[in-house]
Amino acid sequence: MDQTIPTQSFVPEWRQADLFDIFGTMKLLLSTLGYPVFEPLRDENSDDAQADDHSVFYCKSSGITAKGELTYDGFVVFEGSGMVLEPVESFKQRFTHHMARIEQMIDDGVVIQRDNKYIFQTDYLFNSPSMAADCILKRSSNGWVEWKDVNGRTLDEVKRKV
């Protein structure tokens, strides 16, 4: 099989330095304005090994488990987390804005249906722990109580009542 290996285009070192400087400035300005588009949603080192420091929380119900963490920007649900397939009827009627967001997540491929649940294909940022819990459980819920650490302590106990 014939492989084509691209050659690196010639960009003078001084131009590369200018471009990296411009990129750094854009990254800083966008983050300052509340658009951290070049920042990862979560620390790549955060995983179950760090769960003992109460940074990773779990939401479990109806045969699904979701995993996430509270950040400065909101609540990040991790890739691989589950989401209930069918909402309760009152949720569909009262939380039309959440239902619209869920439909958008499905359309964008953020979640895909597998068996009788949805699975997150990427980390996803919600505005709050409650919005994350509402969308994952597809019912009205208090995210500060639904999200629990490995020891069973609620997000409220760990983050607010310290």
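Positions are given from 1, in the same order as the sequence printed here.
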Q: If you apply the rule side-chain contact (heavy atoms from CB on, under 4.5 Å), what do you find for Asp149 with Thr154, and how did you get there?
A: CA-CA 6 Å; Asp149 68 8; Thr154 66; over 6 Å; no
Q: Are Val77 and Asp123 packed together at the side-chain level, in the sense that at least one heavy-atom pair is separated by less than 4.5 angstrom?
A: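 Side chain of Val77 against side chain of Asp123, heavy atoms only: no contact under 4.5 Å found.
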Q: Linking I/L/V/M/F/W/Y whenever their side-chain heavy atoms sit closer than 4.5 Å, directly or via other members, would Ile119 and Met105 fall into one cluster?
A: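 Different clusters.
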Q: Would you name the heavy atoms of Met99 and Pro87 that are closest together and state the gap between them?
A: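 Looking at all heavy atoms of both residues, the shortest contact is CE-CG, 3.9 Å.
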Q: His98 vs Phe95 aromatic rings, parallel, tilted or perpendicular, using cut-offs 30° and 60°?
A: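 Aromatic pair His98/Phe95 classed parallel.
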Q: Decide yes or no on side-chain contact (heavy atoms from CB on, under 4.5 Å) for Phe57 and Lys67, but give the supporting numbers first.
A: CA-CA 6 Å; Phe57 292 86; Lys67 187 165 67 168; over 6 Å; no
Q: Same hydrophobic cluster for Ile106 and Ile112, using side-chain heavy-atom links shorter than 4.5 Å among ILVMFWY?
A: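 Result: no, two separate clusters.
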Q: Under 4.5 Å between any side-chain heavy atoms of Thr71 and Leu125, yes or no?
A: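 Result yes, sub-4.5 Å side-chain heavy-atom pair found.
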Q: Yes or no on side-chain contact (heavy atoms from CB on, under 4.5 Å) for Val110 and Phe120, after CA distance, side-chain angles and deciding distance?
A: CA-CA 6 Å; Val110 172; Phe120 281 78; 4.1 Å; yes
Q: Looking at every non-hydrogen atom in both residues, tell me the closest pair between Glu146 and Arg139 and how far apart they are.
A: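 It is OE2-NH1, 3.3 Å.
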Q: Check whether any side-chain heavy atom of Tyr58 sits under 4.5 Å from a side-chain heavy atom of Lys148, and report yes or no.
A: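 A side-chain contact is absent here, since even the closest heavy-atom pair is not under 4.5 Å.
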Q: Within the structure provided, determine whether Leu70 and Lys159 are in side-chain contact (heavy-atom separation under 4.5 Å).
A: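 Yes - at least one pair of side-chain heavy atoms lies under 4.5 Å apart.
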Q: So which heavy atom on Gly143 is nearest to which on Ser130, and how close?
A: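 So the minimum-distance heavy-atom pair works out to N-OG, 2.9 Å.
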Q: Are Tyr124 and Glu79 side-chain neighbours, meaning at least one heavy-atom pair lies under 4.5 Å?
A: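 They are not in side-chain contact.
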Q: Which heavy atom in Gly82 sits nearest to a heavy atom in Ala66, and how many Å separate them?
A: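 It is O-CB, 3.7 Å.
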Q: Could you state the interatomic distance from CD (Glu157) to CG (Asn151), rounded to the nearest 0.5 Å?
A: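 The distance works out to 10.5 Å.
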Q: Classify the ring geometry between Phe75 and Trp147 as parallel (under 30°), tilted (30 to 60°) or perpendicular (over 60°).
A: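 Aromatic pair Phe75/Trp147 classed tilted.
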Q: At their closest point, which heavy atom of Glu86 faces which heavy atom of Lys138, and how far apart are they?
A: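 Looking at all heavy atoms of both residues, the shortest contact is C-CD, 4.1 Å.
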Q: What is the minimum heavy-atom distance between Ser140 and Phe91, and which atoms define it?
A: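 In this case the closest contact between Ser140 and Phe91 is N-CD1, 3.8 Å.
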Q: I'd like to check Ile136 versus Ile64 (side-chain heavy atoms, cut-off strictly below 4.5 Å). Are they in contact?
A: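 Yes, close enough: below the 4.5 Å cut-off.
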Q: Measure the shortest side-chain to side-chain distance between Leu155 and Val145 over non-hydrogen atoms and say whether it is less than 4.5 angstrom.
A: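 A side-chain contact under 4.5 Å is absent here.
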Q: In terms of hydrophobic clustering (I, L, V, M, F, W, Y; side-chain heavy atoms under 4.5 Å; direct or indirect links), are Leu19 and Met26 co-clustered?
A: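 They do not share one cluster, since no chain of ILVMFWY contacts under 4.5 Å joins Leu19 to Met26.
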Q: Would you sort out whether Leu85 and Tyr118 count as a side-chain contact (heavy atoms from CB on, under 4.5 Å), showing the intermediate values?
A: CA-CA 6 Å; Leu85 188 62; Tyr118 286 106; 3.4 Å; yes
